Amino acid sequence: MREESLVSQVVAVCTSSGGIPKLPRCSVSVTFSGLANDGHNHDKHNTPLQAVSLQDMEVLDDLVKEGFNLRAGSTGENLTVRCLKVNSLSVGTILEFSGGVVLELTKIRKPCYVLDAIDPRLKEAIIGRCGFYAKVLQEGLVGSGEIIQKQ
């Protein structure tokens, strides 16, 4: 099956009280300020322009093959997705989730020193494939398995 014909979907919705890893939840309420009960250890992340972070499961799979111990939520992403190619998208891309949540991509995620807790080599290995931040245009619930449409 050609990759272009595959459906983009949410693999995992992850939150934490702050820091990494973020842990998978069945579904989470998404507000303009971010995911319910999702904490941040650094104030720089507490902004509506970075309300939600997204990462490709394929990137995590590749990093596992490169020797890193990762799973959904490990690098601090809220939404781990499949078949979306987040890192190839542009600022301003609108993502509509089948449950009703709508996000707009706002900023490319850059590796942070907190990744050193996983492996000191990870910050370098993940450059250019760290995912995206998004602001919330439409609040609602988001859960694993939801379909994502790019606009």
Side-chain angles (χ1 to χ4, degrees), residues 1-31 33-91 93 95 97-99 101 103-136 141-150:
M1 180 180 284
R2 290 188 6 214
E3 194 167 335
E4 297 86 44
S5 66
L6 297 176
V7 175
S8 299
Q9 68 184 107
V10 177
V11 174
V13 179
C14 303
T15 64
S16 74
S17 59
I20 61 172
K22 292 191 182 286
L23 302 174
R25 312 290 182 219
C26 293
S27 65
V28 176
S29 176
V30 179
T31 68
S33 60
L35 275 67
N37 301 314
D38 186 45
H40 305 283
N41 284 351
H42 306 283
D43 285 340
K44 68 180 183 175
H45 295 300
N46 197 14
T47 166
L49 293 177
Q50 295 178 190
V52 180
S53 58
L54 299 97
Q55 175 61 287
D56 292 304
M57 189 68 224
E58 293 88 347
V59 167
L60 296 177
D61 290 341
D62 287 345
L63 289 164
V64 167
K65 290 176 190 167
E66 294 169 28
F68 297 98
N69 184 18
L70 301 173
R71 64 185 187 292
S74 290
T75 63
E77 75 276 7
N78 296 122
L79 302 179
T80 311
V81 298
R82 187 174 299 285
C83 300
L84 189 59
K85 296 184 180 180
V86 171
N87 295 287
S88 68
L89 300 177
S90 304
V91 168
T93 300
L95 302 175
F97 294 76
S98 56
V101 169
L103 304 178
E104 178 181 347
L105 299 184
T106 56
K107 182 179 178 182
I108 295 170
R109 288 181 72 205
K110 294 187 174 140
C112 177
Y113 73 90
V114 299
L115 296 176
D116 289 345
I118 298 169
D119 188 311
R121 302 170 300 134
L122 184 56
K123 278 192 318 240
E124 290 292 321
I126 203 170
I127 291 173
R129 50 186 179 160
C130 202
F132 243 102
Y133 287 114
K135 69 178 179 179
V136 177
L141 281 175
V142 68
S144 60
E146 286 195 29
I147 305 301
I148 308 164
Q149 295 290 322
K150 288 182 283 192

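Everything quoted here is computed from the prediction, not taken from an experiment. Just so you know, these numbers use all the heavy atoms, side chains as well, and skip hydrogens, waters and symmetry mates.
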Query raised in the report: Is D116 close to L122 at the side-chain level, that is, under 4.5 Å between some pair of heavy atoms?
Result: no
Side chains of residues 59-71: which donor-acceptor pairs under 3.5 Å do they make with residues two or more places apart or in other chains?
{"unit_1": "E66", "atom_1": "OE1", "unit_2": "R129", "atom_2": "NH2", "d": "2.8"}
{"unit_1": "E66", "atom_1": "OE2", "unit_2": "R129", "atom_2": "NH1", "d": "3.1"}
{"unit_1": "E66", "atom_1": "OE2", "unit_2": "R129", "atom_2": "NH2", "d": "3.1"}

Query raised in the report: With sequence neighbours excluded, what pairs up with E146 under the salt bridge (Lys or Arg N to Asp or Glu O under 4.0 Å) test?
Result: none
Requested in this report: Go through the steps for V52 and V136 under the test side-chain contact (heavy atoms from CB on, under 4.5 Å), then give the verdict.
Outcome: CA-CA 8 Å; V52 180; V136 177; 3.9 Å; yes
Query raised in the report: Any donor-acceptor pair under 3.5 Å linking the side chain of S90 with the backbone of T93?
Result: no
Query raised in the report: Name the one of V91, N87, T106 that satisfies side chain to side chain contact (heavy atoms under 4.5 Å, CB included) with F132?
Result: V91
Report summary line: In terms of heavy-atom contacts, C14 and L35 come closest through O-CD2, 4.0 Å
Requested in this report: Under the side-chain contact (heavy atoms from CB on, under 4.5 Å) rule, what do Q149 and S98 come out as? Steps first, then yes or no, please.
Outcome: CA-CA 8 Å; Q149 295 290 322; S98 56; over 6 Å; no
Report task. Looking only at non-hydrogen atoms, find the nearest pair between L54 and A134 and report the distance. Result -> CD1-CB, 3.9 Å
Query raised in the report: Quick one: does S74's side chain have a donor or acceptor within less than 3.5 Å of a partner on P21's backbone?
Result: no
Query - From CA spacing to verdict: side-chain contact (heavy atoms from CB on, under 4.5 Å), T15, V28 - result: CA-CA 9 Å; T15 64; V28 176; 4.2 Å; yes
Requested in this report: Compare every heavy atom of F97 with every heavy atom of V142, then report the nearest pair and how far apart it is.
Outcome: CG2-CD2, 4.0 Å
Query raised in the report: Just how far is it from atom CD of Q55 to atom SG of C130, taken to the nearest 0.5 Å?
Result: 6.5 Å
Requested in this report: Give a yes or no answer on whether the side chain of S29 reaches the backbone of A36 with a donor-acceptor pair at less than 3.5 Å.
Outcome: no
**Report entry** Inter-residue atom distance Y133.OH - K107.NZ, 0.5 Å rounding
**Finding:** 6.5 Å
Query raised in the report: Taking the side chain as C-beta and beyond, is there a heavy-atom pair between I20 and L115 under 4.5 Å?
Result: yes
Query raised in the report: With a 4.5 Å limit on heavy-atom distance, are the side chains of V10 and I148 in contact?
Result: yes
Query raised in the report: Do the non-hydrogen side-chain atoms of C112 and K123 ever get within less than 4.5 Å of each other?
Result: no
Query raised in the report: Looking at side-chain heavy atoms only, is the closest gap between K22 and E77 below 4.5 Å?
Result: no
Query raised in the report: Would you say the side chain of Q9 lies within less than 4.5 Å of the side chain of I147, judging by non-hydrogen atoms?
Result: yes
Query raised in the report: With side chains defined as the heavy atoms from C-beta onward, is the minimum distance between D56 and R82 less than 4.5 Å?
Result: no
Query raised in the report: Considering all heavy atoms of both residues, which atom of V101 and which atom of L141 are nearest to each other, and what is their separation?
Result: CG2-O, 3.6 Å
Report summary line: So CG of D38 and OG of S33: to nearest 0.5 Å the spacing works out to 10.0 Å
Requested in this report: For N37, look at atom CG and say whether over 12 heavy atoms of other residues, nucleotides or ligands are found less than 6.0 Å away.
Outcome: no
Query raised in the report: Say you draw a straight line from CE of M57 to CG of L84; how long is it, rounded to the nearest 0.5 Å?
Result: 14.0 Å
Query raised in the report: So, for T75 and I126, which heavy atoms are closest and what is the spacing to 0.1 Å?
Result: CG2-CD1, 4.0 Å
Query raised in the report: What is the minimum heavy-atom distance between L103 and L79, and which atoms define it?
Result: CD1-CD1, 4.0 Å
